[in-house]
Amino acid sequence: MTGMTSTARPFLNRRLAEFGTTIFAEMSALAVRTGSINLGQGFPDTDGPEEVREAAVRALRDGRGNQYPPGPGVPELRTAIAAHQARRYGLAVDPDTEVLVTAGATEAIAATLLALLEPGDEVVALEPYYDSYAACIAMAGATRVPVTLRPDPEQARFRLDLDELRDAVTDRTRLLLVNTPHNPTGTVLTREELTAIAELAVERDLLVVTDEVYEHLVFDEAEHVPLATLPGMRERTVTIGSAGKTFSFTGWKVGWVTATPGLVTAVRSAKQFLTYVSSGPFQYAVAEALALPDTYFDAFRADMLAKRDLLTAGLAEAGFSVYRPAGTYFVTTDIRPLGESDGFAFCRALPERAGVVAIPNAVFYDHREAGAPFVRFAFCKRTSVLEEAVTRLKALAG
């Protein structure tokens, strides 16, 4: 007979069985089907700087990167990444041995976790977490141990319970997976919180993987402090960065890892069997982007701050309880003031009710009930689009 397999065993292996189609695919398809404004997935609706795009065109025309680039990344980009870390944070990184270019931060996360974890290892991760974390931990055969960021309505932010973090570490814990500025809550961990994480890592001899892709999107009084700058952390931290969020070229998929030579070698051992190499001409363009003057980064932050304020004010007016983000380009809201408690049902109905798409935060939790009433909106869109979304959402307030 055709169309039959010789076994009843499912095609998808057990480690990935819980990960079906991502919520982003579902909600983006819903946006297209209903003609809604998509504030779900975190991608800008305009391109980044013209001079950076032209640098990619120039590289293509000059034949730079059209064939396989070097495994660690083109020298120009590795040098630019090292210069960026030194200029911004005073971190001295050797571009030849301590930088690895990846296919976006997503591959950097995958390669790092596949390289550093053995089956049975435990990974303590802050919950809610970017969805690839859970899948990559599962692919490595490790176990994720979530520590939940708790909502603090008085401060309008989510907080890390340091006692809960300490209690989550066991003899089986191999590494801590930290994301700051934090997606989806918009929390930026304070220097005090990061110092406590660093002390715990040193005390328990843990590796730390820190996802810092939103490093240039911090607002108000918040400060981005790379964990690798703290005492005892340089030799045990893998820092992950990305061009997509900072320069609004998410389709180029250019990310990177910085760490000590031993850690970079380990991560590269896994990475070479994932994509091998990627994004050849775009690497040259990102090298130029990282060297842009501070005025670019300041203007980018100011633009996103204005958009944050526009959307958060509109959401509050529409009846949401709003957690004002200190970083990233996402805002988390609580739907309970609207008489709702199920984020999934709310987000699936929102396109018909208001012509807007958002993401239910529960998808980022192991403890689904902890995230049930929270919904995330992205504000990395044109001002006119956000204004129209705010107008539509006001229909929810009656």
Side-chain angles (χ1 to χ4, degrees), residues 52 55-56 59 64-65 67-116 132 136 175 177-180 207-216 224-230 232-247 249-250 252-292 297:
V52 176
R64 288 178 295 141
Q67 309 306 328
Y68 294 135
V74 302
E76 290 87 344
L77 177 53
R78 286 184 278 120
T79 299
I81 292 165
H84 172 273
Q85 297 302 89
R87 187 173 71 252
R88 292 274 165 184
Y89 310 119
L91 271 171
V93 176
D94 185 330
D96 292 327
T97 62
E98 298 188 312
V99 180
L100 175 67
V101 178
T102 58
T106 306
E107 189 199 32
I109 292 160
T112 299
L113 296 178
L114 288 170
L116 301 181
S132 87
C136 292
L175 62 83
L177 179 49
V178 177
N179 172 213
T180 184
L207 296 174
V208 179
V209 177
T210 175
D211 176 352
E212 302 180 8
V213 299
Y214 295 100
E215 62 188 308
H216 290 290
H224 174 62
V225 180
L227 258 170
T229 62
L230 297 178
M233 296 307 291
R234 177 73 171 81
E235 61 270 25
R236 66 178 69 248
T237 302
V238 176
T239 303
I240 293 171
S242 169
K245 308 303 183 186
T246 300
F247 303 108
F249 289 111
T250 57
W252 291 7
K253 298 299 290 179
V254 179
W256 51 84
V257 162
T258 56
T260 57
L263 284 167
V264 165
T265 299
V267 175
R268 185 181 169 191
S269 296
K271 182 259 187 301
Q272 67 190 343
F273 298 114
L274 295 173
T275 58
Y276 175 45
V277 290
S278 60
S279 313
F282 300 129
Q283 292 191 31
Y284 293 96
V286 172
E288 295 193 28
L290 284 169
L292 286 171
F297 298 93

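Below, all heavy atoms of this structure are taken into account, side chains as well, without hydrogens, waters or symmetry copies.
For the pairing with I240, the side-chain contact (heavy atoms from CB on, under 4.5 Å) check across T258, V209, T210 returns one residue only, V209. V52 pairs with exactly one of L292, L290, V286 by the side-chain contact (heavy atoms from CB on, under 4.5 Å) rule, that one being L292.
Between F249 and F282, the ring centre distance reaches or exceeds 6.0 Å.
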**Request:** Report the C-alpha separation of L116 and L263 in whole Å, then their side-chain angles, then the decisive distance to 0.1 Å, and conclude whether the side chain to side chain contact (heavy atoms under 4.5 Å, CB included) test is met.
**Result:** CA-CA 8 Å; L116 301 181; L263 284 167; 4.0 Å; yes

**Asked** Can L91 and T239 be said to form a side chain to side chain contact (heavy atoms under 4.5 Å, CB included), step by step?
**Response** CA-CA 11 Å; L91 271 171; T239 303; 5.7 Å; no

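Here the closest heavy-atom approach between residue S278 and residue P69 is recorded as O-CG, 4.1 Å. The heavy-atom pair separating M233 from V208 by the smallest distance is CE-CG2, 3.5 Å. Scanning both residues, A285 and A56, for their nearest heavy atoms gives CB-N, 3.5 Å. Contact record, A59 with Y284: CB-CB, 4.1 Å, taken as the closest heavy-atom pair. Contact record, V93 with A82: O-CB, 3.4 Å, taken as the closest heavy-atom pair. Heavy atoms only, all atoms of each residue included: K245 and V213 are closest at CB-O, 3.6 Å.
Note that CG of L175 is 6.0 Å distant from CG of L113, once rounded to the nearest 0.5 Å. Once rounded to the nearest 0.5 Å, the distance linking CG of D211 with OG of S132 reads 8.0 Å. Once rounded to the nearest 0.5 Å, the distance linking CG of D94 with OG1 of T79 reads 9.5 Å. Considering NE2 of H84 and CZ of F297, their distance stands at 5.5 Å, rounded to 0.5 Å. For the atom pair E98 CD and I81 CD1, the distance stands at 12.5 Å (nearest 0.5 Å). Atom OG1 in T112 sits 9.0 Å away from atom CD in E107 (nearest 0.5 Å).
Without hydrogens or angle criteria, R78 side chain to V99 main chain gives no donor-acceptor distance under 3.5 Å. Listed for the R88 side chain is no donor-acceptor partner under 3.5 Å among the backbone atoms of H216. With hydrogens and angles ignored, the 3.5 Å screen pairs a side-chain donor or acceptor of S279 with a backbone N or O of K253. Side chain of Q283 to backbone of V74: a donor-acceptor contact under 3.5 angstrom is found.
In this structure, the side chains of V254 and L77 come closer than 4.5 Å at one or more pairs of heavy atoms. Considering only heavy atoms from C-beta on, L207 stays 4.5 Å or farther from V238 through its side chain.
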